[in-house]
Structures are given as structure tokens and as C-alpha cells.
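Below is one structure; the comments refer to it alone.
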2 protein chains.
Amino acid sequence: MANDTVPDFKPLAVLVNPNVAEAEKIAREAVSQHKMLLVSGNCSVRYQGRAKSQLEPGERVLIIKQDGSLLVHRSVGYEPVNWQPPGCIFHTQMRGNILEVHAVRQKPAESVKVSFDRILMVSALSLEDSGEFSLYASEEDMQKAILCRPSLLEEGFKPISYEKRVQPGFVDVYGVDKDGKLVVVEIKRKTAGKNAAIQLAKYIDAVKSRADREVRGILAAPSIAKEVQRTLETLRLEFKPLDPKKCAETLRRSRTTRLAEFFVEK
Amino acid sequence: MANDTVPDFKPLAVLVNPNVAEAEKIAREAVSQHKMLLVSGNCSVRYQGRAKSQLEPGERVLIIKQDGSLLVHRSVGYEPVNWQPPGCIFHTQMRGNILEVHAVRQKPAESVKVSFDRILMVSALSLEDSGEFSLYASEEDMQKAILCRPSLLEEGFKPISYEKRVQPGFVDVYGVDKDGKLVVVEIKRKTAGKNAAIQLAKYIDAVKSRADREVRGILAAPSIAKEVQRTLETLRLEFKPLDPKKCAETLRRSRTTRLAEFFVEK
DNA sequence: AATTAAATTTCGCCT
DNA sequence: AGGCGAAGTTTAATT
């Protein structure tokens with residue numbers, strides 16, 4: 001069939017109750033095009049690698065992701081019954097009337113073989129997903145937490161304003177330390193990179209040019225990239241570890257105890 | 001619509017590119033009928049509980065299982081980006097043109113809300129799955145391992161036969177101990193329950209009635225249920241811990257290194 | 001029910 | 001690339 005040699009690039013392919021050979025075609029294309037593949041049907045699974053297992057026939061859901069990870073889910077349980085972490089090479093083939101999906105990984109050398117003799121549904125998906133995932137607290141939450149309890153940043157810190165407009169943009173938090181020195185705070189939710197340091201330096205310059213006195217710059221983030229540490233020293237900036245989890249707890253506590261009404265949400 | 005009040009019990013429902021309200025109907029029925037639900041589409045996710053997280057919009061796959069577990073999978077990564085272990089209560093609703101799937105768990109109090117504004121595919125599945133899952137070794141492998149290296153059972157044990165036919169069925173392994181006493185071995189791959197003890201007792205009786213001399217009965221399994229321990233004592237049977245992992249290693253070694261038979265481990 | 005220990009742990013950060 | 005520690009860990013077994 002000419003169709004067999006011309007893979008189509010539809011973003012979404014779904015077959016319901018297909019015969020096994022039809023499903024194999026979808027699976028093969030999905031794997032080669034690095035789409036996500038969903039297959040539900042009757043299968044057995046053999047795994048060999050760090051451990052070894054055998055799963056007798058039954059109806060399950062197979063998921064293959066574009067990064068080369070594999071999941072076999074039964075009808076119950078949070079964890080997959082069989083799986084492989086990202087980095088597998090996949091191969092599909094018909095063996096008689098059985099669809100075999102083979103996943104191979106090296107280091108450690110492992111293999112998972114899923115054999116379907118009946119397919120309920122097969123689906124190949126091109127998923128567009130650039131949405132950010134933030135755990136514990138958003139950057140905004142961390143900002144609120146510092147405003148709510150300034151000692152999270154350092155003892156004696158007093159916030160003056162937040163999202164203060166300066167030349168290059170907005171300063172996350174702006175205040176004075178226990179000695180009355182101006183403090184500019186830049187917050188990052190993840191490990192602070194070079195950009196964060198540079199951004200902070202620009203804010204400092206902008207504030208200095210208007211205040212004409214000493215200004216401390218503090219980069220507050222859960223951690224800092226090693227190489228940026230030296231950048232900070234060069235720029236005479238400081239780093240303060242700030243745990244998003246702690247921020248979230250602080251916020252939650254301050255909200256429940258009704259003390260946070262001063263700080264308008266969003 | 002009358003149809004709305006009469007849920008159908010088809011074993012397999014699939015909609016491709018449905019409108020969100022159609023998807024909600026499938027999702028609601030799947031949840032109420034404790035089927036497995038697969039939804040792929042554009043969604044955002046909010047989680048609050050032991051921790052707290054926010055996932056900005058993007059295309060993902062949602063899985064809800066009949067035991068009340070929930071998984072949200074992105075296009076990459078072995079782990080779900082959001083999840084709930086088994087035991088959730090689900091609630092679906094339309095909020096404007098958004099499908100909200102809400103999962104609530106208590107102890108710990110947690111909630112996950114998945115909001116879809118576009119559905120690629122929704123599927124409700126009744127999965128039949130009674131297939132056994134065996135890790136490291138099947139019962140047969142454990143049997144072979146004992147035959148291959150009898151010391152796994154006990155020092156001085158000598159197998160005579162396996163799958164020996166007696167009245168009630170087949171004895172897994174049959175042999176003599178270091179003192180020449182007859183030994184009947186019953187093997188279980190998982191924690192041995194009452195049935196295993198009773199089965200073994202029947203075999204013993206059968207063998208005794210023919211041999212008319214003392215017969216030891218040994219239940220070999222990775223572990224034994226607490227209450228069965230006393231049953232064993234009453235029946236004058238013995239329990240021997242037998243680890244499937246060790247059996248698998250033994251088998252593998254005996255297959256690969258033909259010379260290792262001399263060197264008894266441990 | 002609470003605690004402990006293992007997992008084909010996975011994952012990220014650091015050396 | 002290998003090692004160490006944390007995880008919304010989960011899961012099973014034990015007290």
C-alpha cells in the first residue's frame with residue numbers, strides 16, 4: 001500500500017477498536033515522529049534490566065512519550081506496573097497477530113516488551129505544552145512572603161515598596177536594612193542564574209543614580225549557580241537563600257491568622 | 001435531554017475533538033461508573049495539600065483510575081506533573097466553557113483541580129485485568145531454583161522429583177532431608193496465606209498415607225501471614241523464607257556459569 | 001493507626 | 001559522568 005510508506009503528520013490520530021496491524025501503523029509513526037502514544041488494550045509485559053518481571057495478559061494503558069519514557073498502567077494504582085525513564089529507543093513490530101512494542105535503554109541496560117493481542121484504542125498526540133510549573137510558591141508569592149515577614153530576607157529589613165518602577169523595569173522589593181542602607185531585592189523562584197545577577201545590577205545602578213548613596217543588592221532565591229556566585233562578588237551583590245516552601249508556609253500562616261490584610265493580593 | 005439522565009454502560013467510549021460539554025458528560029459518567037478515564041487536551045492544574053503548585057495552560061494527558069487515583073502527564077518525563085494517590089473523590093463540572101475536574105482526598109487533605117478549555121480526546125474504559133504480576137521470578141522459577149540449588153531450602157536437602165502427582169494435585173517439590181526424612185515443599189511467590197498451609201497439609205496427608213512414615217512439610221515463600229504462622233504450628237508444618245530475587249539470581253548464575261555448582265553460596 | 005524500610009525508586013544538584 | 005540527598009515521594013510490612 002502506498003499509504004504505508006507516506007506517514008501523515010496529523011496532530012491527532014485516534015483509532016477505536018482497530019485491528020492490531022492498524023494500531024501498529026499508528027504506533028510506529030508516533031514513535032518515529034516523537035509524538036505521544038496512548039494505547040489501551042489487552043497485553044502482556046516482560047521486563048528485564050535492574051530487575052526482571054512478567055505481567056500476564058490483561059487490559060492496560062500504554063503511554064510512550066516523546067522523550068523516550070514508557071509507562072504501563074493497570075486499572076488501579078498510582079504507580080505504573082512497568083515503566084522506563086526517559087531515553088529509550090522504541091521498536092514496534094507485528095509478530096503473527098501480535099503487536100510488540102519494544103523499549104530498549106542502555107546504562108543501565110534494560111528492556112521492556114509490551115505485546116498486544118487486542119487493541120481498544122490507540123492514539124498519537126502532538127502535545128503543545130510550554131506552561132510553567134511552579135511548586136510551593138510563585139515568584140509573586142515569595143515576594144508577598146518577604147513583605148509579610150521581612151525577616152525571611154534578613155533581620156532588621158524593612159520593606160518600603162514593591163514592584164517599584166525604575167529605569168530597566170520593576171524592582172521586586174525595595175527597602176532599608178537595619179543600618180538604614182537602601183536595599184534592592186531581586187527574587188527568583190528557581191536557582192538564580194547569570195541573568196538574575198545582571199538584572200539586579202542594573203536596578204542597583206538605576207537606584208544609585210537617583211539616590212546617590214550606598215545601595216545593597218540582594219538576590220533572593222532557593223539556590224544560586226556556582227559560576228554566578230563569583231559574578232555576584234564582582235558586582236558587590238549578595239545572595240540570600242530563600243526557600244519557596246518556607247515562603248508558602250509563611251504566607252499560608254499569615255493568611256489564616258489574618259495578619260496579612262495590609263498587603264493587597266495581586 | 002432524556003439521554004442525559006440515562007448513563008450508558010458501553011465498555012468503551014471515545015470522542016475525538018469533542019466540545020468541552022460533551023467531554024464533561026463522558027468524564028462524569030466514567031467517574032461515577034468507576035471506569036478509567038483518559039482525557040487529553042489543553043488544561044491548567046492547581047494543587048493544594050501537603051504542598052501547593054500551579055501549572056500554567058498547556059496540552060497534557062489526564063488519567064483517572066477506578067481506584068480514585070489521578071495522574072496528569074506532560075509530554076516529557078517519567079513522573080506525572082500532578083497526581084493523587086488512590087482514594088480520591090472526583091467531581092466534574094462545567095464552569096462557563098471550561099471543564100473542571102476536581103479530585104479531593106482526605107488524610108492528608110488535598111485537592112487537585114484540572115481545568116480544560118479544549119479537548120483533543122476523551123475516553124472512558126472498562127479495563128478487565130486479572131493478570132498476575134511477578135517480579136524477579138515466577139513460582140516456576142522459584143521451583144527451578146530450589147531444584148538447581150537445594151540448599152536454598154535447607155542444607156542437606158535432596159530433591160527427588162517435582163510436580164509429583166498425589167491425590168489432591170501436584171506437589172511442587174518432593175525430596176529427602178539430611179536425615180533421610182521425606183520432605184514435601186509448597187512454594188508461593190507472594191506472602192503465604194492460609195490456603196497455602198491447607199494445601200500443603202493435604203499433600204502431606206496424601207504422601208503419608210502411601211509411605212507410612214514421617215513426612216516433613218515445608219512452606220517456602222518470601223513471607224508468611226502472621227495468623228498462618230500459628231496454623232502451621234498446629235499442623236506441624238514449617239515455614240522457610242524464600243526470596244524470589246535470590247531465586248532469580250541463582251537461576252541466572254547457574255545458567256550462565258556452568259562451573260559454579262561447586263561453590264555453594266552462604 | 002503510626003512507623004520503618006525498600007524501590008526497576010526518579011530527579012536534581014554538585015564534584 | 002558518578003555520588004549524594006530530597007521527594008507533594010509511593011508502597012508494603014511491622015508494631
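Labels below follow one simple rule: chain letters A, B, ... track the order of the sequence lines, proteins then strands, and each chain is numbered from 1. All values reported here derive from a predicted model rather than from experimental measurement.
Taking the charged nitrogens against the carboxylate oxygens, B:K194 and B:E227 have no contact shorter than 4.0 Å, which rules out a salt bridge.
Here D:dT11 presents its C1' atom at 14 Å from NZ of B:K65, a figure rounded to the nearest Å. Spacing between atom CG of B:L55 and atom P of D:dG8 amounts to 14 Å, rounded to whole angstrom units. Regarding A:R74, its CZ atom lies at a distance of 14 Å from the P atom of D:dT11, rounded to whole Å.
The two atoms that bring A:V20 and A:I98 nearest to each other are CG1-C, 4.1 Å, heavy atoms only. Smallest separation of non-hydrogen atoms from B:R189 and B:P244: O-CG, 3.9 Å. When all heavy atoms are compared, the tightest approach of B:R74 to A:K65 is O-NZ, 2.9 Å.
To the nearest whole angstrom, the two P atoms, one in C:dT8 and one in C:dT4, are 22 Å apart. Rounded to a whole angstrom, the distance from the C1' atom of D:dT10 to that of D:dA6 is 14 Å. Rounded to whole Å, the separation between the C1' atoms of D:dG5 and D:dT9 comes to 13 Å.
With rounding to the nearest 0.5 angstrom, the CE atom of B:M36 is 5.0 Å from the CG atom of B:L127.
Of all nucleotides present, none satisfies the Watson-Crick or G-U wobble test against C:dT8 with each distance under 3.5 Å.
Formation of a donor-acceptor pair under 3.5 Å by the A:E24 side chain with backbone atoms of A:L99 is not found in this model.
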Just by protein heavy atoms under 4.0 Å, how would nucleotides 2-15 of chain C read 5' to 3' in B, S and -? S-----BSSS-S-S
